[in-house]
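Report on the following structure.
Every heavy atom of this structure was used, including side-chain atoms; hydrogens, water molecules and symmetry mates were not. What you see is a predicted model, and the numbers here were worked out from it, not measured in a lab.
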Amino acid sequence: MERSRPLARRPLVTLLTAAALAASGLTALTSAARAADADLARNGGFETALDGWTCTAGAIVTSPVHSGTSALKATPAGADNARCAQTVSVKPDSQYTLSGYVQGAYVYLGASGTGTTDVSTWTQSAPGWQRLTTTFRTGPSTTEVTVFTHGWYGTGAYHADDITLTGPGGGTSQPPAPPGGLTAGSATSSSIALSWSPVPGATGYAVYRDGARVRTVTGTSTTVTGLSPATAYAFQIAAVNGAGESARSATVTATTAQRPDGGGSSDLPAHALVGYLHASFANGSGYTRMADVPDSWDVIDLAFGEPTSVTSGDIRFERCPVAECPNVESDAEFKAAIKAKQAAGKKVLISIGGQNGQVQLTTAAARDTFVSSVSAIIDEYGLDGLDIDFEGHSLSLDADDTDFKNPTTPVVVNLVSAVKTLKAKYGDAFALTMAPETFFVQLGYQYYGTGQWGGQDPRAGAYLPVIHALRDDLTLLHVQDYNSGPIMGLDNQYHSMGGADFHIAMTDMLLTGFPVAGDADNVFPPLRADQIAIGMPASVNAGNGHVSPAEVTKTLNCLTKKTDCGSYATHGTWPDLRGLMTWSINWDRFSDWEFQKNFDAYFG
């Protein structure tokens, strides 16, 4: 959140060199497939949706098609080239021909993992259906290859259909045996860990919950997330290879834990309205006195506490001066108004950071100073807790920090330690909230830190280790669903600000959990619905991404009732969703309390 109308954040861009474009090996068709060879590609005509394919940004369309009734449409965006791929069982030291029909600009068809020379072929421009074909020979020990199609960065959508891989089958004419040894491990209020024994010949495993397939993994363990507290679930596992899926394993039943009492949220109303109050500055919205904040606001975040320098950890909160805010109340009146709000059941927190308040706790000394200086502010004004609104370059990940569950970057580790110290000092009643931007949270579904090969923005997903480490202490997470570039949702489609769809997709990710950087074995677990408030601008003046009250209502209907959901399919229904956050109370007052009135009308 910031003091003046913000600019939209530029989306993450991964730089690619011309050498990468030239690296695809172009191979001409050398011979026709032998009569005994088979087509090994599964669902190459995309007639059964994306069955068999893994796509970063793919969808099925009914027009245009080369044959049949369906084809693939995939749209590159940002640093994603819209790759669709599948792994196929093959024989060692054998010849294969890969073919397919494509439309679009810069469309690629290729095979990797061949054990010899990986190949691809491409067309710069195919206004109509154009056949691409290439051949390769497998290595002496190669038993599977990955065939793929993709577009190119910054170009438009491409289409693909009738992809074939002809050659001798890989010897997996039968599906594998069903897995044994399925065991349920640790359980939280929203997740259950599973493990099972490996199956010879299996290339993956399908996980079933209560009879429905919920995910596919390559390893022999997973954590199923998005579950309800104190609820029993039945799980089965099936082994998968190129010939199909095995029978399912024996059923294991496991029960999630009771919802924890921690988090400091038990004394909030079932549905809460959270707002930031410009307490240390004025802008075009004008200054609002604490006593004039309407009773509808359940959590009031004082904006902002800021550091004396970026790395000092020394946080100061200065009231708005009379010269800037002529109607500012005295310190005594301000403190008395805070006590009156608290007597009415409201929470008043100090928010640290904002647009101008860059905070980097690079050392243990800065961490300790942060604790002592924040404590001094809380004690002086008798506040209920802390809001972490670190933006800009406050949080970023070191190049070797790749596991959000076990962070090593000092600014992350020291922040977690500082907050835990504050929580221990003030006890269970201490309210802890966070207001990260989507860049630092949901973007982690695609990118985390500098990435496997480097070159990514080290801030990508950098809030995830903080949220995860403090999830049992967290009262509310209200991600800023504004000032954001397009973000990929769990449907592998990009979502942009300006309507209910963006808020629904971004919130669904927090309540469902998601693989970090696309790693299905490294899942960020979901948060409880009562820990989530949706962050929105109060008016068009407050920030990019403002939506009308009607779109706010659609968002709430979809997430709490599964109605008015539009094109995005949520992974659950959450009537316990805590509420809404807005930047800011001042801007809402400027707009005749439009945001507050809509909240009150919806929740009563």
Assess the pair [X] and [Y]: is the distance between their ring centroids shorter than 6.0 Å?
{"X": "Phe148", "Y": "Trp122", "value": "no"}
{"X": "Tyr482", "Y": "His546", "value": "no"}
{"X": "His150", "Y": "Tyr108", "value": "yes"}
{"X": "Phe404", "Y": "Phe524", "value": "yes"}
{"X": "Trp152", "Y": "Tyr158", "value": "no"}

Euclidean distance, [Y] [atom2] relative to [X] [atom1], rounded to 0.5 Å:
{"X": "Leu477", "Y": "Thr433", "atom1": "CG", "atom2": "OG1", "answer": "9.0 Å"}
{"X": "Leu511", "Y": "Gln531", "atom1": "CG", "atom2": "CD", "answer": "9.5 Å"}
{"X": "Thr409", "Y": "Leu361", "atom1": "OG1", "atom2": "CG", "answer": "13.0 Å"}
{"X": "Leu395", "Y": "Tyr463", "atom1": "CG", "atom2": "OH", "answer": "6.0 Å"}

Does the salt bridge (charged side-chain N to carboxylate O under 4.0 Å, His left out) test come out yes or no for Glu245 and Arg213, once each step is laid out? CA-CA 12 Å; Glu245 188 173 298; Arg213 183 168 173 167; 2.7 Å; yes
Could you check whether any side-chain heavy atom of [X] comes within less than 4.5 Å of a side-chain heavy atom of [Y], counting everything from C-beta outward?
{"X": "Val413", "Y": "Val416", "value": "no"}
{"X": "Leu397", "Y": "Thr450", "value": "no"}
{"X": "Pro525", "Y": "His468", "value": "yes"}
{"X": "Pro76", "Y": "Tyr106", "value": "no"}

Please work out which of the three classes, parallel, tilted or perpendicular, describes the rings of Trp583 and Phe304, given edges at 30° and 60°.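 Taking Trp583 first and then Phe304, their aromatic rings lie parallel (interplane angle under 30°).
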Do any N or O atoms from the side chain of [X] and from the backbone of [Y] form a donor-acceptor pair under 3.5 angstrom?
{"X": "Gln358", "Y": "His393", "answer": "yes"}
{"X": "Asn43", "Y": "Gly52", "answer": "no"}
{"X": "Lys562", "Y": "Thr570", "answer": "yes"}
{"X": "Thr146", "Y": "Thr87", "answer": "no"}
{"X": "Arg471", "Y": "Pro526", "answer": "yes"}

Taking Asp481 as the fixed residue, which of Ile504, Ile534, Ile487, Thr555 is the one that meets the side-chain contact (heavy atoms from CB on, under 4.5 Å) rule?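 Only match with Asp481 under side-chain contact (heavy atoms from CB on, under 4.5 Å): Ile534.
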Using a distance-only test with no angle check, is there a side-chain donor-acceptor pair under 3.5 angstrom linking [X] and [Y]?
{"X": "Asp387", "Y": "Ser351", "answer": "yes"}
{"X": "Asp118", "Y": "Ser112", "answer": "no"}
{"X": "Thr134", "Y": "Thr121", "answer": "no"}
{"X": "Asp508", "Y": "Tyr568", "answer": "yes"}
{"X": "Gln480", "Y": "Asp389", "answer": "yes"}
{"X": "Lys561", "Y": "Thr573", "answer": "no"}

Kindly write out the residues that satisfy side chain to side chain contact (heavy atoms under 4.5 Å, CB included) with Val65, not counting sequence neighbours, or none if the list is empty.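 Checked Val65 against side chain to side chain contact (heavy atoms under 4.5 Å, CB included); matches are Ala71, Asp161.
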Tell me whether Lys405 is salt-bridged to Asp403, with the criterion being a basic N under 4.0 Å from an acidic carboxylate O.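 Salt bridge absent between Lys405 and Asp403.
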Apply side chain to side chain donor-acceptor pair (under 3.5 Å) to the pair Gln130 and Thr123, showing each step before the final yes or no. CA-CA 8 Å; Gln130 178 177 327; Thr123 178; 3.3 Å; yes
